[in-house]
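Below: the structure, in structure tokens.
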Amino acid sequence: MTPQLAIFLILAAIAIAGAVNVILQRHPIHSAISLITVMMALAGLFLLLESEFIAAVQIIVYAGAIMVLFVFVIMLLNAGVEERTNMSRMARYAGVPLAIFLLIELAYQIGAATLSMTPQPAGEGVTHGLSMLLFQDFVFPFELTSILILIAILGALVLAQRGEGVPGKGGQEKIT
Amino acid sequence: VKGYPARAGKRKLPEHLLESAEGKERTLVPISYYLALSAVLFGLGVIGFVFKRNIITIFMSIELMLNAVNLAFIAFGRALGQLQGQVFVFFVIVVAAAEAAVGLAIVIVIARNRQSLNVERINLLKL
């Protein structure tokens with residue numbers, strides 16, 4: 001077993017365990033922290049795939065900014081433990097096994113169908129090539145994203161502002 | 001694009017198991033492993049999206065699916081020796097940031113109006 005394969009297996013195990021934990025946890029803050037673990041493991045996998053810039057962006061933007069936003073909203077809403085869902089008998093005995101079967105089948109088929117693909121050797125200057133692409137070929141979509149972010153900021157501001165005449169709750173009750 | 005030298009035509013099956021001809025290239029993890037992991041993560045995201053009842057956790061499941069797709073993009077880009085996959089991942093991350101900002105604002109409004117984050121109580125459009 002090469003060191004790369006060992007690192008891959010460790011990171012993949014962390015990612016899958018984190019993703020399962022996101023589903024199993026009942027409190028949103030625990031799910032959020034599990035999701036941050038998944039993103040960190042994925043950043044390691046991006047490093048293993050020799051895409052250093054995306055790995056850095058993954059940590060800074062995804063784990064740093066987006067997940068902080070999630071944690072912020074969870075704190076702000078004082079979100080409590082998720083209510084128990086009473087799964088129907090059909091869902092429990094047919095749905096869950098079928099979902100797990102679909103998962104395994106999907107992973108197996110995709111893995112088997114792409115077995116002949118081999119990683120091309122990455123030369124030097126992957127980030128340099130990426131920046132050349134981003135600011136030459138894709139410069140128009142890149143500028144469009146700035147407008148998208150501006151609209152998103154405006155939308156978030158308009159949506160989240162407290163309306164006129166709505167009394168503040170001011171309570172400490174948990175929202176579930 | 002500079003960086004990735006084109007190696008068309010050398011697409012033999014057991015190549016990833018052998019030392020390459022140059023000798024300096026080390027054995028790498030097969031691309032199919034990454035894609036299988038990506039499929040598993042995407043499936044777990046779908047399961048979370050369907051099973052969870054908290055609207056914030058449902059949002060997190062969407063982020064998990066986006067992350068799985070990012071992994072597939074980068075793995076395919078690596079297999080084809082191209083950088084466009086990484087550009088796509090960059091845009092996906094930007095759009096995910098915008099989506100999270102607007103989505104969480106909607107969550108705040110819903111929680112304020114309904115006093116609940118349970119999606120079964122958010123049934124205004126239900127027949």
Side-chain angles (χ1 to χ4, degrees), chain A residues 2 4-5 8 12 15-16 19-20 22-23 28 31-32 35 39 42 45-46 49 51 54 57 61-62 65-66 69-70 73-74 77 79 82-83 85 99 103 106-107 110-111 114-123 125-126 129-130 133-134 138 141 145 148-149 152 155-156 159-160 175-176, chain B residues 1-5 7 11 13 15-16 25 27-29 31-33 35-37 39-41 43-44 47-48 51-54 56-57 60 63-64 67 71 74-75 78-79 81 83-84 86-87 89-91 93-98 100-102 104-109 111 115-118:
Chain A
T2 60
Q4 278 85 14
L5 191 59
F8 171 82
I16 291 177
V20 169
V22 169
I23 299 175
S31 293
L35 192 55
M39 284 166 180
L42 279 179
L45 287 174
F46 292 162
L49 280 167
S51 8
I54 295 295
V57 167
V61 177
Y62 242 128
I66 298 181
L69 199 64
F70 270 91
V73 169
I74 293 169
L77 294 178
E82 186 184 33
E83 286 175 15
T85 124
L103 205 68
L106 202 64
I110 288 177
T114 56
L115 208 57
S116 60
M117 280 186 168
T118 55
Q120 307 281 320
V126 173
L130 182 64
L133 260 183
L134 197 60
F138 291 91
T145 55
L148 175 75
I149 290 176
L159 279 171
I175 299 177
T176 55
Chain B
V1 178
K2 284 196 265 183
Y4 285 103
R7 292 209 316 174
R11 196 59 70 74
L13 181 71
E15 195 184 57
H16 61 276
E25 187 67 33
T27 55
L28 295 164
V29 184
I31 291 296
S32 55
Y33 288 15
L35 294 171
L37 174 66
V40 168
L41 288 180
L44 286 171
I47 290 174
F51 277 102
K52 298 301 276 186
R53 286 287 159 266
N54 190 313
I56 296 177
T57 325
M60 283 191 244
E63 299 293 329
L64 185 58
N67 265 292
L71 182 62
I74 289 189
R78 196 63 214 294
L83 286 172
Q84 273 88 345
Q86 297 193 25
V87 176
V89 169
F90 184 78
F91 285 124
I93 290 176
V94 171
V95 172
V102 176
L104 288 171
I106 294 174
V107 168
I108 289 177
V109 174
Q115 302 296 319
S116 172
L117 288 174
N118 192 338

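Note on naming: letters A, B, ... go to the chains in the order of the sequence lines (proteins, then strands), and numbering restarts at 1 for each one. A quick note: this is a predicted structure, and the numbers were derived from the prediction, not measured.
- Heavy-atom distances place both the backbone and the side chain of B:I56 under 4.5 Å from chain A.
- Remark: A:A160 pairs with B:A105 by the side-chain contact (heavy atoms from CB on, under 4.5 Å) rule, at least two apart or across chains.
- Note: B:L71 CG to B:L35 CG = 7.5 Å, rounded to the nearest 0.5 Å.
- If you measure heavy-atom distances from A:L42 to chain B, the contacts under 4.5 Å come from the side chain alone.
- Heavy-atom distances place both the backbone and the side chain of A:L5 under 4.5 Å from chain B.
- Expressed to the nearest 0.5 Å, how far CG of A:L49 lies from CD of B:Q86 amounts to 8.5 Å.
- Residue contact with chain B, scored on non-hydrogen atoms closer than 4.5 Å, involves the backbone and the side chain of A:L45 alike.
- Comparing A:V61, A:T145, A:I110, A:L35 by how many heavy-atom pairs each has under 4.5 Å with chain B, the most go to A:L35.
- For chain B, the option among A:I54, A:L106, A:V73 with the highest count of heavy-atom pairs below 4.5 Å is A:I54.
- Looking at B:V102, the atoms closer than 4.5 Å to chain A (heavy atoms on both sides) sit in the backbone and in the side chain alike.
- For B:A36, the side-chain contact (heavy atoms from CB on, under 4.5 Å) partners two or more places apart in sequence, or in a different chain, are A:A107.
- B:T57 contributes atom OG1, which lies 12.5 Å from atom CD of B:E63 (distance to the nearest 0.5 angstrom).
- Of the listed residues B:L64, B:I93, B:L41, B:I74, the one with more heavy-atom pairs under 4.5 angstrom with chain A than any other is B:I74.
- Interface summary for chain B: among A:V22, A:I16, A:V57, the most heavy-atom pairs under 4.5 angstrom belong to A:I16.
- Both the backbone and the side chain of A:A12 come within contact range of chain B, with heavy atoms under 4.5 Å apart.
- Pairing each heavy atom of A:L103 with each of B:A39, the nearest pair is CD1-O, 4.4 Å.
- Contact of the A:V20 side chain with the B:L44 side chain is registered, since non-hydrogen atoms from C-beta on lie closer than 4.5 Å.
- For B:F91, the part sitting under 4.5 Å from any heavy atom of chain A is the side chain, from C-beta outward, and nothing else.
- Looking at A:F138, the atoms closer than 4.5 Å to chain B (heavy atoms on both sides) sit in the backbone and in the side chain alike.
- Remark: the backbone N or O of A:F46 is paired with a side-chain donor or acceptor of A:S51 at under 3.5 angstrom.
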